[in-house]
Amino acid sequence: MDLVFGLSWLLTVFLEGIHCQGVYAPPTVRIVHSGHACNVEEERYTERVYTIREAETLELTCLVTGHPRPQIRWTKTAGSASDRFQDSSVFNETLRINNIQRHQGGRYYCKAENGLGSPAIKSIRVDVYYLDDPIVTVHQSIGEAKEQFYYERTVFLRCMANSNPPVRYSWRRGRDVLSQGSDKGVEIYEPFFTQGETKILKLKNLRPQDYANYSCIASVRNVCGIPDKNILFRLTNKTASPTIKLQVEDPIVVNPGQTVTLVCITIGGEPTPTLTWASSNETLPEKAVLNGGTLTLPAVTSDDAGIYSCVANNNVGNPAKKSATVIVRALKKGRFWITPDPYHNDDNIQIGREVKISCQVEAMPPEELVFSWLKNGRPLRSSERMVITQTDPEVSAGTTNLDIIDLKFTDFGTYTCIASLKGGGIPEISIDVNISSTTVPPLFFSFLVPPNLTVPRGKSPLVTQEGDTVELQCLVSGKPKPIILWSRADKEAPMPDGNMQTESYDGILRIVNVSREMTGSYRCQTSQYNGFNVKPREAVVELIVQYPPTVEPVFTEIRQGLTRTFTMNCRVLRAHPSRVLRYEWRLGSRLLNAGQFDLQDETEYSVRSLTRDGYGEYTCDIINEAGAGRCSFLVTGKAYSPEFYYDTYSPLWQNRPRVYGFKLQWTQMNPGAVDRILAYRLGFRQTAQQRWWEQEIPVEGTIQQGELITYNLTELIRPEAYEVRLTPITRFGEGDSAVRMIKYSTPVNPHLREFQCSFEEEPICMFTQEKNDDFNWTRHSAATRDTKYTPNTGPSSDRTGSKQGFYMYIETSRPRVEGDQARLLSPTFNVAPRNPYGPAGHAYCFSFYYHMYGKHIGTLNAFLRQKGQTSSESPVWSLSGNQGERWRQAKVSIHPTTSFQMVFEGIRGPGIEGDIAIDDVTLEEGECRDPPPNNLRALAPPTTDHIWRLCFTLLLALFSQRR
């Protein structure tokens with residue numbers, strides 16, 4: 001007996017894991033579902049496939065084990081490159097997508113990692129089912145078109161619908177089903193290049209009876225309860241493709257601010273075509289007003305210019321399309337340039353030589369552009385010495401040139417180029433070019449000076465500090481003074497404003513909040529516009545941006561116990577100037593150490609024996625001319641947070657009708673990092689409550705790394721959930737807290753004394769689905785179950801009356817058919833040791849609640865499946881038909897002789913209002929007391945069995961007392 005007792009005690013300690021080493025374990029992962037799945041099946045060589053109807057709710061839960069508690073991440077692949085799943089990842093155990101759409105199908109991965117071993121990864125492929133409304137298009141045979149569409153001999157009706165899974169099509173003429181061979185004048189086929197995507201009905205040698213109503217029915221065989229969809233097309237001798245007319249002139253030329261009205265009318269087509277408008281700008285302007293075939297654009301601007309198309313479609317033949325161009329009159333971007341004598345290689349303009357003044361303006365429409373010239377305010381006409389020309393607006397932007405031949409003193413003055421549009425309505429653009437003179441040696445006058453660029457002394461290299469505002473300057477001279485273009489000279493990179501070039505009228509480039517990345521060479525260059533049309537002048541300015549040292553670590557937390565020794569290091573990564581001047585170590589505001597850097601790039605500070613005054617924030621400032629970089633070290637005696645253990649075997653150790661107990665287990669993260677943990681402060685509260693209940697749990701001795709600590713929570717109200725907070729306490733004070741949720745769930749004990757399952761948690765007490773049945777049982781609650789398809793069946797709450805509580809049920813909607821079976825298997829139970837002098841087998845009371853409401857209720861069966869039996873299953877309970885809208889209890893005594901399982905079998909009735917549900921399954925040792933009547937209840941055991949059972953119970957009691 002002592003040996004038996006010792007083995008029993010060792011087993012108990014092993015299972016409970018009290019103060020047990022080696023609880024750290026790499027993660028494992030399993031994916032379960034609780035959304036609106038149509039079907040979940042295992043593909044033979046790949047992964048699980050979760051089928052769901054579009055617009056339903058996808059809910060996948062990643063169940064993990066491992067200690068410390070693994071971090072969970074959901075990701076999605078197998079979508080399009082642009083289809084990123086909610087920023088590519090979700091960090092949560094449950095992935096929920098409401099109103100799921102077809103593009104959200106694909107492969108979803110759950111990844112769990114806790115730093116031990118390799119991450120655990122499982123995947124499930126989500127297949128979204130849908131069926132769009134079909135579309136019928138009608139086409140004539142090629143080369144046989146007449147004025148009337150249906151005078152030709154052959155007509156094709158093409159039916160197409162987007163779907164998943166692939167759609168099946170069928171045709172009807174009136175009420176008659178059309179099939180291949182049923183009518184010699186009809187041929188049905190699928191084009192080879194669109195196999196399965198469309199179905200074509202070919203009417204050969206069109207006959208009078210072919211003028212009729214044709215229906216195309218698209219079907220996915222009611223998978224996921226998706227109904228068939230159909231479309232009706234009426235074929236008559238008037239059926240014709242659309243024709244339209246635009247009641248506007250093309251193009252339409254308007255001034256800004258005017259209203260444009262485009263009118264499109266149908267002049268033919270049967271059925272009546274639908275009119276739509278489209279724009280060459282991809283979308284219509286937001287202010288556009290549509291009224292049937294009329295499109296109105298109020299207060300147009302240049303952005304509204306473009307091609308507008310009216311499209312008519314009635315699915316007969318090809319759509320009809322008519323377009324009109326809207327042109328908004330405008331003048332913009334006026335500029336000029338001066339070109340010296342092209343026959344002399346000289347940048348100077350001299351008396352007696354030729355000079356050309358060019359003026360350019362962008363105009364819309366370009367053919368309306370008109371130029372005129374003035375000299376000193378008076379009209380200037382083309383002559384032999386003053387030649388005025390204009391480029392072809394269709395070849396290049398509108399440009400006019402004034403060529404002055406044989407320049408004379410009398411040509412000095414102000415020349416004005418004026419651009420306008422024919423008809424007016426748009427403000428003119430005028431550009432003045434002032435030609436003046438400067439006296440030089442006889443017979444040579446320079447009235448225009450070519451540009452010149454220089455960098456002022458002391459402005460390159462230009463040294464500044466990060467964050468300042470800096471001005472880069474190039475001095476520009478010349479008549480007229482040109483625009484300066486700034487760009488990067490050292491690399492192909494944008495300027496601070498984001499453009500590749502920046503214009504400056506005064507030669508200054510101003511940069512606000514300069515950064516270290518802006519260090520480099522900048523080029524200033526003269527523009528050829530609004531100045532001399534000569535080779536550009538350029539100069540380069542060097543910019544040097546100084547910045548404080550970049551250091552590491554920026555912040556580090558150091559946890560240490562009293563009297564310990566430790567060292568802190570601060571290292572320079574980069575700085576400009578790279579010559580670092582000094583470093584300063586401080587604790588708070590108290591200076592600890594300071595010094596100069598020589599050749600090294602790091603400094604350190606050591607604490608020899610930590611005291612209470614030594615706790616706090618240590619800083620190390622490394623300083624150069626531009627400022628300081630700081631390393632921060634927070635030295636604290638706070639203990640690390642505990643790590644809750646989530647893989648406790650059978651955590652519910654107390655399970656009475658109104659209350660339950662929970663075995664709370666945890667390990668301590670890095671217990672040796674700080675002083676010994678003296679106690680834990682335990683706080684707990686019911687969810688949604690504000691008040692915390694707290695108590696201290698004293699700790700004896702020193703906690704070891706990986707040591708599993710157990711504390712039993714008692715008198716928790718069933719079935720409430722609780723939030724638990726655990727905080728370690730040392731001489732320093734409170735450490736970091738850890739928080740977890742505790743939820744009530746029926747305990748699972750395959751080594752049977754008492755088994756209860758209310759299906760409140762997703763693992764459903766280790767119940768499993770039969771693999772060889774027709775469909776699965778589904779876990780649901782009344783709060784999430786969708787009854788819009790079958791409102792007159794199924795429970796409105798769980799067995800306790802809670803809308804939030806869960807139960808298992810069979811969904812009998814399509815595609816289920818009468819007689820389909822769904823089978824749910826309990827975990828395998830080991831029977832208690834048998835008295836060698838008693839009768840074979842043991843009695844257990846098997847009970848559950850059932851809900852069988854609906855006019856199409858089928859049958860609910862319960863079977864006993866025993867290991868090693870020739871006939872592995874024996875029926876123990878059965879019931880058929882509508883039992884009313886309430887939960888009822890079933891009890892039956894069973895007498896297994898070896899390991900066994902209980903099997904629930906739901907059989908679908910004749911219709912969709914036949915959902916069957918079960919809840920609160922229990923299995924207790926001993927005969928049932930007052931079991932409800934049932935036609936398959938097992939016979940009562942012989943009276944002698946009670947005697948033997950009583951004897952055996954007494955022996956167990958004595959055995960317990962001896963222990």
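In summary, the side chains of N315 and T137 do not present any donor paired with an acceptor at a separation below 3.5 Å, with no hydrogens or angles considered. In summary, the side chains of T274 and N313 do not present any donor paired with an acceptor at a separation below 3.5 Å, with no hydrogens or angles considered.
The environment of NZ in K321 is sparse: at most 12 heavy-atom neighbours from other residues, nucleotides or ligands sit within 6.0 Å. Within a 6.0 Å sphere centred on NZ of K204, heavy atoms belonging to other residues, nucleotides or ligands number more than 12. Around the CZ atom of R168, the shell of radius 6.0 Å holds no more than 12 heavy atoms that belong to other residues, nucleotides or ligands. Residue Q209 places its CD atom among more than 12 non-hydrogen atoms of other residues, nucleotides or ligands, all under 6.0 Å distant. Counted within 6.0 Å of CD1 on I135, heavy atoms from surrounding residues, nucleotides or ligands total 12 or fewer; the atom is thus considered open.
By the 30° and 60° cut-offs, the orientation of the rings of Y214 relative to W171 is perpendicular.
We find the CD1-CZ distance between I912 and R814 to be 7.0 Å, quoted to the nearest 0.5 Å. Annotation: the span from Q104 atom CD to E54 atom CD amounts to 9.0 Å, rounded to 0.5 Å.
R908 has no carboxylate O lying under 4.0 Å from a charged side-chain N of D774, or vice versa, which leaves the two without a salt bridge. Ion pairing between a basic and an acidic side chain is recognised when a charged N comes within 4.0 Å of a carboxylate O; D132 and K229 show no such pairing.
With Q180 contributing its side chain and I188 its backbone, the two residues share a donor-acceptor pair below 3.5 Å. A donor-acceptor pair under 3.5 Å is formed between the side chain of D915 and the backbone N or O of T812. The backbone N or O of A161 sits less than 3.5 Å from a side-chain atom of Y169, completing a donor-acceptor pair. Within the 3.5 Å criterion, the main-chain N or O of T239 finds no donor-acceptor partner in the side chain of R234.
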Test side chain to side chain contact (heavy atoms under 4.5 Å, CB included) on V328 and T301; report intermediate values, then the result.
CA-CA 7 Å; V328 181; T301 65; 5.9 Å; no

side-chain hydrogen bond (donor to acceptor under 3.5 Å, both in side chains) between E811 and S813: does it pass, once the steps are laid out?
CA-CA 6 Å; E811 172 60 64; S813 301; 2.5 Å; yes

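Two residues are said to be in side-chain contact when any heavy atoms from C-beta on lie closer than 4.5 Å; E770 and V903 fail this criterion.
Just one residue in the list I426, N255, V253 forms a side-chain contact (heavy atoms from CB on, under 4.5 Å) with L421, and that residue is I426.
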